[in-house]
Amino acid sequence: MTAVAKRSNNRNEALLDAASSLFASGGYGGTSMRNIAKASGMLPGSIYYHYPSKADLLYAVYARGVDMICERHDRMVAACNDAWKRLEIALANHILTVTETSDDVGVMNRVLPDQVPERSTDLIAQRDRYEQRIRELVDALPLAPSGGPAHDRRILRLMIIGATSWTQTWYRSGHTRPEAIAAQFCAFLKQPLQIQQSIQQ
C-alpha cells in the first residue's frame, strides 16, 4: 500500500470514528455533517468527497459495526459442532455486543432504519446479514417435531434476539458474565421451567 493510500485510509477511519461517536451519542437527526467535520478535523467539503450524504456516512458506520459483530460471531462458533452449544456461544457474543461501549454498536442500537428512509433498505439488509447467522443456528436446533410446542422457529428466533438484546437495559459490568447469562438462557430453552404445586391436605 502506498503512503498516499495509507493516509487516505487513516483519514477515512478517523472520519468514521468521529461520525460513529456523534451518531451514537446524538442520534441521526441530532448530528450534522458540520459537527462531524469539526470532530474529525476535516472540512465539510472534504467529507462529501468521501460520502455524498449524511445517510451514506451513517451507512458506512453501520456496516462497519455489522462487520465487527459478524467477524466475532464466525470466529467464536467456528470450533464448535454441537447445535445448542453453538447457539449459546452466539448468544454470549450477542449479549457482549449489546452491552459493550463500542460507538459502532451504539449507532446500531440507537439509529433505526426507518429514521434514515433513503438508506433504510440497505440498513435492514446489513442487520439481516447478522441475523441470518442466528437464523441458521436456530434452524439447526434439535427441537420438537412439527406441531410441538417449539415448532415455529421464526418466533423462537425473534424471541431469542429480543430477549438477549434487552440485556442492555439491565446488565451491569462486573456481575454475571455474558457467557453465564447465555448458558442460563439456553438452559431455559432446553429444559422449560415447571411449576409444581404442593397440595395441602
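Both backbone and side-chain heavy atoms feed into the values below; hydrogens, waters and symmetry mates do not. Each residue takes its place number in the sequence, starting with 1.
- Under the side chain to side chain contact (heavy atoms under 4.5 Å, CB included) criterion, Ala24 pairs with Asp103, Val107, not counting sequence neighbours.
- Listed by chain and residue number, nothing satisfies the salt bridge (Lys or Arg N to Asp or Glu O under 4.0 Å) test with Arg135 (two or more places apart in sequence, or in another chain).
- Hydrophobic cluster membership for Val77: Met76, Ile89 (Ile, Leu, Val, Met, Phe, Trp, Tyr linked by side-chain heavy atoms under 4.5 Å, directly or transitively).
- With contacts defined as side-chain heavy-atom distances shorter than 4.5 Å, the pair Arg64/Tyr59 does not qualify.
- Counting only residues at least two apart or in different chains, side chain to side chain donor-acceptor pair (under 3.5 Å) contacts with residues 19-31 comprise Ser20-Asp104.
- Taking Arg177 as the reference, Glu179 meet the salt bridge (Lys or Arg N to Asp or Glu O under 4.0 Å) condition, with sequence neighbours excluded.
- By the 4.0 Å N-to-carboxylate-O rule, Asp139 lies too far from Arg157 to be salt-bridged with it.
- Evaluation of the side chain to side chain contact (heavy atoms under 4.5 Å, CB included) rule for Ala60 yields Leu16, Tyr51 as partners, not counting sequence neighbours.
- Among residues at least two apart or in separate chains, ring-ring contact (aromatic ring centres under 6.0 Å, His included) pairs with a member in residues 111-130 are His94-Tyr130.
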Please tabulate, for the side chains in residues 32-42, all donor-acceptor contacts under 3.5 angstrom to protein atoms that are two or more places apart in sequence or on a different chain.
residue : atom : partner : partner atom : Å
Ser32   : OG   : Arg34   : N            : 3.4
Ser32   : OG   : Asn35   : N            : 3.0
Ser32   : OG   : Asn35   : OD1          : 2.9
Ser32   : OG   : Asn35   : ND2          : 3.4
Asn35   : OD1  : Ser32   : N            : 3.1
Ser40   : OG   : Ile36   : O            : 2.9
Ser40   : OG   : Ala37   : O            : 3.2

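- Under the rule for a side chain to side chain contact (heavy atoms under 4.5 Å, CB included), the partners of Leu158 that lie at least two apart in sequence or sit in another chain are Arg154.
- Side chain to side chain, Thr97 and Arg72 meet the donor-acceptor criterion of an N or O pair below 3.5 Å.
- Taking Phe185 as the reference, nothing meets the ring-ring contact (aromatic ring centres under 6.0 Å, His included) condition, with sequence neighbours excluded.
- Applying the under-4.5 Å side-chain rule to Ile, Leu, Val, Met, Phe, Trp and Tyr, the cluster around Ile95 extends to Trp166, Trp170, Tyr171, Ile181.
- By the salt bridge (Lys or Arg N to Asp or Glu O under 4.0 Å) test, Asp128 is found to be paired with no residue, residues two or more places apart in sequence or in another chain being considered.
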